[in-house]
Amino acid sequence: MQAALEATARGHQVILCEAGEKLGALKFADNDCWFKEPMRRWREYQIAKVLRSGAEVRLNTMVTKELVTEVNPDVLIIAVGGEPFAIPVPGADGSNVVFGAYLTPQTKIGKNVVIIGGGFIGCEEAIDLAHKGHEVTILEMLDDLASECGRMHRLGLIHELENEHIHKAVGMRCTKIDISGVYAMNKEGKEIFYPCDTVVMASGMRSRSTQVSALQGLVGETYVIGDARKASKIMNATRDAYDAVTALGYM
């Protein structure tokens, strides 16, 4: 959406294709999390701006090689985003495992929850679930939680984790998941069992590289932006969009 806004503002004709039925598919913003309301408002603001921008919006439209050939654009901007991935351990595909980035109000979550991954997604989901009355434990391989966050963001997260009395187990590597809980090993090689009803997988995001590869090389001037280029944060994705549009014609 940001790329479309930047491009139309500079006088380019823009076709914005979205595979889903609505713009702004920030799945975690759809969760009824109390501290995500500003993100939801920002998303709706972006959507409103796009619909007023003059860009042609095509919903329920997966961009394929055939579509690109038909439209024959001068420039192709690939912003297909990223997707969560599960760590390769036995039980990761179990019925009691859900992805943190895809939690919605309809997701069934048990009373006791183990979150695998203590990055900002895992920490935010932990805070939200604990606030709603769940007993939450975070398992993290590193020695610190939310280590990829900026200082002020991290301080806020740590404060809320403590405020919600969330159990933290750092330096722990998940080895197996079963219907009764999670097995993890500490740095000394001791395996510890964490019983739970639900396992939330928050082990990171990765770009949709298969979709990106399928569209590469079709148009002479092509840009890959946002999580499609490298899984990161919304701030970096919107900056990618600005940089790509301002670079048009220089490739």
Note to self: Apply side chain to side chain contact (heavy atoms under 4.5 Å, CB included) to residues F85 and M205 and explain how you reach the verdict.
What the structure shows: CA-CA 6 Å; F85 66 89; M205 303 285 289; 5.7 Å; no

Next item on the list: Just do the side chain to side chain contact (heavy atoms under 4.5 Å, CB included) check on K176 and E191 with the steps written out, would you?
Entry: CA-CA 10 Å; K176 184 175 69 172; E191 190 170 66; 5.5 Å; no

Next item on the list: List the steps, then state whether side chain to side chain contact (heavy atoms under 4.5 Å, CB included) holds for V98 with L103.
Entry: CA-CA 7 Å; V98 297; L103 293 188; 3.6 Å; yes

Note to self: Before you tell me yes or no, could you show the steps for L155 and C149 under side chain to side chain contact (heavy atoms under 4.5 Å, CB included), namely the whole-Å CA-CA distance, both residues' side-chain angles and the distance that decides it to 0.1 Å?
What the structure shows: CA-CA 9 Å; L155 286 174; C149 294; over 6 Å; no

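Looking at every heavy atom in both residues, Y223 comes nearest to L248 through CE1-CD2, 3.5 Å. Closest non-hydrogen pair, A92 versus I87, comes out as CB-O, 3.5 Å.
In K233, the NZ atom is crowded: over 12 heavy atoms of neighbouring residues, nucleotides or ligands sit closer than 6.0 Å. For M141, the CE atom is loosely surrounded, since the number of other residues' heavy atoms within 6.0 Å does not exceed 12.
With a 4.5 Å cut-off on side-chain heavy atoms, L16 and E56 do not count as touching. The shortest distance between side-chain heavy atoms of E140 and K168 does not fall below 4.5 Å.
Note on I127: it clusters hydrophobically with V136, by side-chain heavy-atom contacts below 4.5 Å among ILVMFWY residues.
In this structure, E160 CD and F35 CZ are separated by 8.0 Å, a value rounded to the nearest 0.5 Å. One distance of note links OG1 of T238 with CG of L5; it measures 11.0 Å at 0.5 Å rounding.
Between the side chain of R154 and the backbone N or O of L145 there is at least one donor-acceptor pair closer than 3.5 Å. Although no hydrogens or angles enter the test, the distance criterion places a donor-acceptor pair under 3.5 Å between the side chain of T198 and the main chain of G110.
We find that K108 and D197 are not joined by a salt bridge, their nearest charged nitrogen and carboxylate oxygen being 4.0 Å or further apart.
With hydrogens and angles left out, the side-chain atoms of Q216 and T222 include no donor and acceptor closer than 3.5 Å.
When E44, K49, R43 are each tested for a side-chain hydrogen bond (donor to acceptor under 3.5 Å, both in side chains) with Q46, only one passes: K49. Partner of V182 under the side-chain contact (heavy atoms from CB on, under 4.5 Å) criterion, out of V199, T175, I192: V199 alone.
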